[in-house]
Amino acid sequence: MNYENIVVETRGRVGLITLNRPKALNALNDTLVDEIGHALDGFEASEDIGAVVITGSEKAFAAGADIGAMASFSYMDAYKGDYITRNWERVRSCRKPVIAAVAGFALGGGCELAMMCDMIIAADTAKFGQPEVKLGILPGAGGTQRLPRAVGKAKAMDLCLTARFMDAEEAERAGLVSRVVPAEKVLDEALAAAETIAGYSLPVVMMIKESVNRAFESSLSEGLLFERRVFHSAFALDDQKEGMAAFVAKRKPAFKHR
Ligand code: HXC
């Protein structure tokens with residue numbers, strides 16, 4: 001497929017999606033989000049891919065949903081059209097891990113897209129924000145829900161209500177991003193992390209992703225029970241035999257299910 005708004009590549013066992021609307025700082029539109037979904041479908045189906053990285057440009061991961069496109073929306077246009085969000089949860093539903101490599105602006109829908117990924121690796125130039133309030137709207141693609149879960153109520157309220165941006169250092173302190181690296185290294189760092197993950201047993205990686213996500217969807221005791229059941233099921237995999245045998249033999253494991 002010829003993509004209009006993204007570039008899709010593979011690097012080793014990693015699928016790479018680069019947002020590519022440079023004139024609008026990668027502002028998100030329906031086509032772009034649908035294209036991400038299409039690329040993820042391909043990566044998910046491919047036995048050669050174990051993890052995915054989504055990135056933007058040096059200046060912007062994504063500066064939000066396309067404001068020009070939304071400016072004249074009526075309520076019915078917004079409700080019926082479900083602009084950018086009609087296919088939004090596709091990133092979250094991807095069963096393989098997805099890493100966001102963020103440099104520059106990740107604002108509004110851009111911040112929300114990054115937060116839907118399993119982890120965010122940030123350049124020291126990254127700026128996160130939910131500035132929708134300045135436009136007379138509110139975050140509509142998960143910002144008021146995922147941001148407090150990531151950084152707590154106080155900072156989420158601060159960002160959503162004042163529209164101020166949070167730099168990479170503050171974002172790391174607050175728990176929104178897992179690592180901060182110099183801008184020129186952010187993509188390599190994310191690709192290396194993804195390649196590491198892609199080298200492990202895919203079913204186990206998927207079980208880990210499912211279990212960590214469960215922590216945000218259930219009580220502690222339900223989550224612990226879920227983890228225990230999944231943990232026990234890992235012993236049905238030959239990759240568990242291989243991983244433990246390799247440890248005992250002091251050699252590198254060669255996982256079969258990748
Ligand atoms: C459309 C955008 C855009 C956006 C930037 N551009 N953000 N176009 N939608 N979200 C365009 C600008 O119009 C400009 O086009 C070009 O990109 C470069 O931007 P500048 O403003 O000239 O750059 P700069 O001065 O460096 O400022 C960068 C910026 C600013 C701080 C990121 O562009 C900005 O505030 N953008 C909007 C951020 C925002 O409010 N995001 C939330 C959107 S609402 P021209 O043609 O003039 O060169 C949202 C809701 C999601 O995301 C929920 C939906 C369900």
Side-chain angles (χ1 to χ4, degrees), residues 3-7 17-38 40 54-94 98 100-117 120 122-151 155-171 176-177 183 186:
Y3 294 109
E4 256 177 67
N5 302 280
I6 60 173
V7 176
I17 299 172
T18 305
L19 311 188
N20 187 33
R21 290 192 74 208
K23 287 193 184 132
L25 300 183
N26 292 333
L28 309 169
N29 58 29
D30 276 337
T31 313
L32 186 151
V33 176
D34 288 349
E35 287 179 352
I36 292 176
H38 185 274
L40 286 175
I54 301 180
T55 195
S57 68
E58 210 178 294
K59 180 145 191 220
F61 177 72
D66 194 310
I67 298 167
M70 294 184 294
S72 62
F73 276 3
S74 66
Y75 166 76
M76 195 49 87
D77 295 330
Y79 180 72
K80 260 180 86 184
D82 207 8
Y83 189 62
I84 79 161
T85 42
R86 62 176 189 198
N87 194 18
W88 189 246
E89 296 292 318
R90 180 65 190 94
V91 176
R92 180 171 103 117
S93 70
C94 182
V98 183
V102 174
F105 299 110
L107 304 176
C111 186
E112 291 166 315
L113 174 62
M115 287 193 291
M116 247 195 315
C117 298
I120 302 174
D124 50 9
T125 57
K127 286 189 169 49
F128 298 89
Q130 297 290 161
E132 287 90 340
V133 67
K134 279 167 73 178
L135 300 169
I137 56 169
L138 61 147
T144 66
Q145 302 305 302
R146 291 200 171 97
L147 194 59
R149 282 168 170 79
V151 305
K155 237 180 232 302
M157 283 288 190
D158 184 355
L159 263 66
C160 292
L161 290 174
T162 70
R164 80 171 175 88
F165 299 164
M166 179 159 74
D167 67 17
E169 195 188 310
E170 183 182 1
L176 180 64
V177 313
V186 69

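Please read these numbers as outputs of a predicted model, since none were measured by experiment. When a residue number appears, it is its place in the shown sequence, counting from 1. All ligand and atom numbering here is 1-based and tracks the order in the structure.
When only non-hydrogen protein atoms are considered, atom 20 (P) of ligand 1 lies nearest to L25 CD1, 4.6 Å. In this structure, the protein non-hydrogen atom closest to atom 9 (N) of ligand 1 is I67 N, 3.0 Å. The protein atom (non-hydrogen) at minimum distance from atom 50 (C) of ligand 1 is E132 OE2, 3.6 Å. Taking atom 44 (S) of ligand 1 as the reference point, the nearest protein heavy-atom neighbour is L135 CD1, 3.7 Å. Looking only at protein heavy atoms, the nearest one to atom 49 (C) of ligand 1 is A65 N, 3.5 Å. Among protein heavy atoms, the minimum distance from atom 7 (N) of ligand 1 is reached at A63 CB, 3.5 Å. In terms of protein heavy-atom proximity, atom 8 (N) of ligand 1 is closest to A24 CB, 4.0 Å. Nearest to atom 35 (O) of ligand 1 among the protein's heavy atoms is L107 CD1, 4.7 Å.
A heavy-atom distance below 4.5 Å is found between the side chains of W88 and V33. In this structure, the side chains of R21 and D66 come closer than 4.5 Å at one or more pairs of heavy atoms. You'll find the side chain of L147 reaches within 4.5 Å of the side chain of L159, heavy atoms only.
Atom 30 (C) of ligand 1 is never approached by the protein to below 4.0 angstrom, counting heavy atoms only. Within the 4.0 Å cut-off (strictly below), a protein heavy atom is located near atom 52 (O) of ligand 1. Distance screen at 4.0 Å: atom 22 (O) of ligand 1 has no protein heavy-atom neighbour inside the cut-off. Not a single protein heavy atom sits closer than 4.0 Å to atom 12 (C) of ligand 1. Counting protein heavy atoms under 4.0 angstrom from atom 41 (N) of ligand 1 gives one or more. There is no protein heavy atom less than 4.0 angstrom from atom 47 (O) of ligand 1.
Considering all non-hydrogen atoms of both residues, V91 and L113 come closest at CG2-CD1, 4.0 Å. Closest of all the heavy-atom pairs between F61 and A101 is CD1-O, 3.7 Å. Of all non-hydrogen atoms in Y83 and A69, the two that sit nearest each other are OH-CB, 3.3 Å. Listed here is the closest heavy atom pair of G56 and T18: O-CG2, 3.7 Å. The two residues R146 and M116 make their nearest non-hydrogen contact at NH1-CG, 3.3 Å. Taking every heavy atom of both residues into account, V133 and L161 meet most closely at CG1-O, 3.8 Å.
Contact annotation: for L28 versus ligand 1, there are no heavy atoms closer than 4.0 Å.
By the 3.5 Å distance cut-off applied to N or O atoms, K59 is counted among the residues near ligand 1. Considering backbone and side-chain atoms together, G109 places an N or O closer than 3.5 Å to an N or O of ligand 1.
Under a cut-off of 6.0 angstrom, the local environment of CD in E58 is sparse, with at most 12 non-hydrogen atoms contributed by other residues, nucleotides or ligands.
Between the side chain of E35 and the main chain of Y3, no donor-acceptor pair closer than 3.5 Å is present. Side-chain atoms of E132 do not come within 3.5 Å of backbone N or O of I137 as any donor-acceptor pair.
Which of F105, F165, Y83 comes nearest to atom 28 (C) of ligand 1 through a heavy atom is settled by distance: it is F105.
Looking at R86 and D34, a side-chain N of the basic residue comes within less than 4.0 Å of a carboxylate O on the acidic one, giving a salt bridge.
The closest approach between any non-hydrogen atom of K134 and ligand 1 is not below 4.0 Å. Within the 4.0 Å heavy-atom cutoff, K23 counts among the residues contacting ligand 1.
Interface atoms of ligand 1 facing T85, defined by a heavy-atom separation under 4.0 Å, are 55 (C). Here is the list of ligand 1 atoms found below 4.0 Å of a heavy atom in P131: 39 (C), 40 (O), 41 (N). Within ligand 1, the atoms closer than 4.0 Å to a non-hydrogen atom of E112 are 51 (C), 53 (C), numbered from 1 in the order shown.
Put simply, CG on L28 and CG on N5 are 9.5 Å apart, with the number rounded to the nearest 0.5 Å.
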